[in-house]
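Structure first, then comments.
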Amino acid sequence: MKLPNIELLRFITAGSVDDGKSTLIGRLLHDSKSIFEDQLSAIETTTRKRGLSGVDLSLLTDGLQAEREQGITIDVAYRYFATPKRKFIIADTPGHEQYTRNMVTGASTANLAIILIDARKGVLTQTRRHAYLASLVGIPHLVVAVNKMDLVDYSQEVFDSIVEEFGRFASNLGLSNIIPIPISALEGDMVVERGENMPWFRGETLLGVLENIEIDHDINLEDFRFPVQWVCRPQSEQWHDFRGYMGRIESGTISVGDEVTVLPSGRTSRVREIHTYDGNLLEAVAPQSVTLLLEDEVDISRGDMIVKSGNLPELSREGEAMLCWLSEEPLDMRRKYLVKHTTKTAKVLLNRLDFKVDVNTLETEEGISSLSMNDIAKIGFKVQSPLAADDYRKNHATGSFIVIDEATNNTVAAGMLMQG
Amino acid sequence: MGNLHILHKKLTHLDLLESESIHILREVAAECRNPALLFSGGKDSIVLLRLAEKAFRPAKFPFPLLHIDTEHNFPEVIEFRDRRAKELGERLIVRSMEDSIRAGRVVLKSPTQSRNAFQSVTLLDAIEEFGFDACIGGARRDEEKARAKERIFSFRDEFGQWDPKNQRPELWDLYNTRVHPGENIRVFPISNWTEMDIWQYIARENLEIPEIYFAHEREVIRRGSGLLPVSHLVTPKEGEKAERISVRFRTVGDMTCTCPVESVAANVEDIIVETATTRITERGATRMDDQTSEASMELRKKEGYF
């Protein structure tokens, strides 16, 4: 059977309930026919129970019993829908407290962020915060959805002035590729259908953008990086001498015969085979999971990284990063933590706090001695054994790390490496 | 560069999902001391097995297969389970709920009561017996709203319980697999797959699945909004009558609460077409136990259910 050639796009929605975020997601799912009858009848019942009529689309993203009982929202829920062109994964994060932690988590794997602005309120503090976090996490594409256009008479002037204000602010953050769209999630204008209320807008609908935006260049195809996950030695009769290095190509491409360097040892060899279950390949590309066989017997284990010899990452025991603190327990600079970077885990000392960023004003604060939940800071660190790493802006996979507290085993921070 | 660009273009959503799942499976193998893969003979776990082959061949799997048997399973599925494990040459451990019932750890109200919720007891017993620190399962986030909020590496306390409020943040593809003794992790490598992705992958990989997934004539009873298959466990109540119609199963599980849907889909291609046009969710159509309250799955998961 011939399967359709569908691409995958991951996106995050940034905004609070008041901005109509749940209604927007409900509208996208509903109008793209991704809602099932039993889901629809369940929310009809709930809408009626709450004394309202019709179908409240925001209820589609309503949470768990634990959340309803305690009036809290769990950080991120994943939702799925597909059109004939693309499959979509939405990381839906609640918009209020702990927003930094939640948005950074949801954004870390996103190709695109939709920043929602209430047309009546314009660019707010939270809009700036969302835009800053999107730039920090390096989301390649940004849609600015000016919502509730129905409440401002679908006015082009209102839309234009919000877009202009956002643009001024965003250029300071180095954000490019911003796509503004006026929408009404409640009425459906410009979400999936164009509607008839904004003939002055010539751009694509929101779904049109999600379906058509070019994402091929989001992945780094220049720098081959292959963190070794697992060494395969079957030791069976048939595969007696097989020694394969299993992992996922995080960036770049590799071909049989390419000269490679293994880090941190610095040993070199050539690629003899690119093995997969479906047969050997002549070349492979990120983000394929493959098994590499080399020409020489080199001592390689999990945590090592195979790269092309002409294109090495930085190998260092220390570094600098932007760090987002995720834990309720504050940073204790006297303690050692664990860092997980690619497939390597090592002891780390977070030994320098340069400054903290106020995500609302973007002002920096120096002379700090600790970090608490949702803080973002520039830090310096020392690792027990060297990391083969790239600048986060160039390579998300080899430029990101998490920090783990050895005592509780909790993930306490997320870091983005800065080089040069 | 032009050439490589074309190569990348050829990776479809299934290629990307597959690569992500392989990456997850290898992380479990490398970082967990003693994992097991839950294999029921159902379609999602059949896909998991193919992904494990892609992740670890030409070597054997670095973990055994584990099935928690309610003994209310469809015989065709159990036959398939045993045959598939044998073909793969992998070790299959079966722990039966009857053992938990005999040991007095599960007390049923009646012998025909649905056993789905009680699987948790037998599963937790098996985890303790073998000292598993990670169980790999075929749950998907699109199945249910409690699942939508679960991590790929989902942490469980020493009572096997899931605490939705206290989950570890999961960033990029950097998974925190660390646990204290007695605690364990459930790992869901196909979290990001949908029902449609599963069927498309089964078609692409030409995977064999148990016959009951295809349309067949079966005696059923209409009860509530669903169809219940007649078996030694389910017989018509007063006022109900059994009828013979063409059905298929969208999920396979406990015979007393897994409902088939009316269908004439005779092969995977037909199923894909039906999946694309169905207007009812997978669990809504097929699971009586999810319809008892709005939070059924959430409550079961807190007790240690998958």
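Scope of the values below: all heavy atoms of this structure, side chains included, with no hydrogens, waters or symmetry mates. In what follows, chains carry the letters A, B, and so on, assigned in the order in which the sequence lines appear, proteins first and then strands, with residues in each chain numbered from 1.
For B/S19 (side chain) and A/S289 (main-chain N/O), a donor-acceptor pair under 3.5 Å exists by modelled atom type. Without hydrogens or angle criteria, B/R26 side chain to A/M246 main chain gives no donor-acceptor distance under 3.5 Å.
Taking a 6.0 Å sphere around CD of A/E406, one finds it holds more than 12 heavy atoms contributed by other residues, nucleotides or ligands.
Here the side chains of B/K149 and A/V76 are not in contact, with every heavy-atom distance at 4.5 Å or above. The shortest side-chain heavy-atom distance between A/Y78 and B/E150 does not fall under the 4.5 Å cut-off. Using a 4.5 Å heavy-atom cutoff, the side chains of A/P287 and B/L11 are in contact. In this structure, B/N192 and A/Y80 have side chains that are in contact, with non-hydrogen atoms separated by less than 4.5 Å. Within the 4.5 Å cutoff, the side chain of A/D278 has heavy atoms near those of the B/K54 side chain.
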Discussion item. One pair to check against side chain to side chain contact (heavy atoms under 4.5 Å, CB included): A/L326 and B/R168. What are the steps and the verdict?
Written reply: CA-CA 9 Å; A/L326 308 169; B/R168 293 173 178 173; over 6 Å; no
Discussion item. Could you walk me through whether B/D142 and A/R79 satisfy the salt bridge (Lys or Arg N to Asp or Glu O under 4.0 Å) test, starting with their C-alpha distance in whole Å, then the side-chain angles of each, then the deciding distance to 0.1 Å, before giving a yes or no?
Written reply: CA-CA 7 Å; B/D142 77 323; A/R79 311 191 187 281; over 6 Å; no
Item to complete: For the pair B/L174 and A/H341, evaluate side chain to side chain contact (heavy atoms under 4.5 Å, CB included) and give the outcome as yes or no after the intermediate values.
Response: CA-CA 7 Å; B/L174 294 168; A/H341 170 258; 6.0 Å; no
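Contacts of B/K60 with chain A are absent, with no heavy-atom separation under 4.5 Å from either backbone or side chain. In this structure, chain A has no heavy atom under 4.5 Å from any part of B/F155. Within the 4.5 angstrom heavy-atom criterion, no atom of A/T276 approaches chain B. Looking at A/F242, only its side chain comes within 4.5 Å of chain B, counting heavy atoms on both sides. In this structure, chain A has no heavy atom under 4.5 Å from any part of B/N206. Residue contact with chain B, scored on non-hydrogen atoms closer than 4.5 Å, is absent for A/S236. The part of B/E31 that comes within reach of chain A is its side chain, from C-beta onward, which places non-hydrogen atoms under 4.5 angstrom from that chain. Interface remark: A/L338 contributes side-chain atoms only to the contact with chain B (heavy atom separation under 4.5 Å). Only the side chain of A/E250 comes within contact range of chain B, with heavy atoms under 4.5 Å apart. Interface residue A/K340: backbone and side-chain heavy atoms are both found under 4.5 Å from chain B. Of the atoms belonging to A/R86, not a single heavy atom falls under 4.5 Å from chain B. Contacts of B/E53 with chain A are made by both backbone and side-chain atoms, with heavy-atom separations under 4.5 Å. Only the backbone of A/A407 comes within contact range of chain B, judged by heavy atoms closer than 4.5 Å. Using a 4.5 Å cut-off between heavy atoms, B/W199 does not touch chain A at all.
Of the residues considered (B/T177, B/N176, B/V179), B/N176 shows the highest number of contacts with chain A, using heavy-atom pairs under 4.5 Å. Interface check for chain A: of the options B/M196, B/H180, B/E183, B/R57, the most heavy-atom pairs under 4.5 Å are formed by B/H180. Ranked by heavy-atom pairs shorter than 4.5 Å toward chain B, the options A/T342, A/T411, A/T109 are led by A/T411. For the set A/Q238, A/R233, A/H275, A/H396, the entry with the most heavy-atom pairs within less than 4.5 Å of chain B is A/H275. If you tally non-hydrogen atom pairs under 4.5 Å between each of A/T345, A/V412, A/L9, A/V290 and chain B, the highest count goes to A/V290. Note on B/A59, B/P58, B/P62, B/A55: by heavy-atom pairs under 4.5 Å with chain A, the leading option is B/P58. Among A/V231, A/I404, A/L8, A/I89, the residue with the largest count of heavy-atom pairs under 4.5 Å with chain B is A/I404. Among B/E205, B/E20, B/E27, the residue making the largest number of heavy-atom pairs under 4.5 Å with chain A is B/E27.
Here the CH2 atom belonging to A/W230 is positioned 15.0 Å from the CD1 atom belonging to B/I22, to the nearest 0.5 angstrom. To the nearest 0.5 Å, atom CD of residue B/Q200 and atom NZ of residue A/K87 are 9.0 Å apart. Note that CH2 of B/W172 is 6.0 Å distant from OG of A/S108, once rounded to the nearest 0.5 Å. From B/L171, atom CG reaches atom CZ of A/R101 across 9.0 Å, with rounding to the nearest 0.5 Å. Atom-to-atom distance recorded for A/E7:CD and B/D15:CG is 11.5 Å, nearest 0.5 angstrom. A distance of 8.0 Å separates CD1 in A/I219 from CG in B/L16, rounded to the nearest 0.5 Å.
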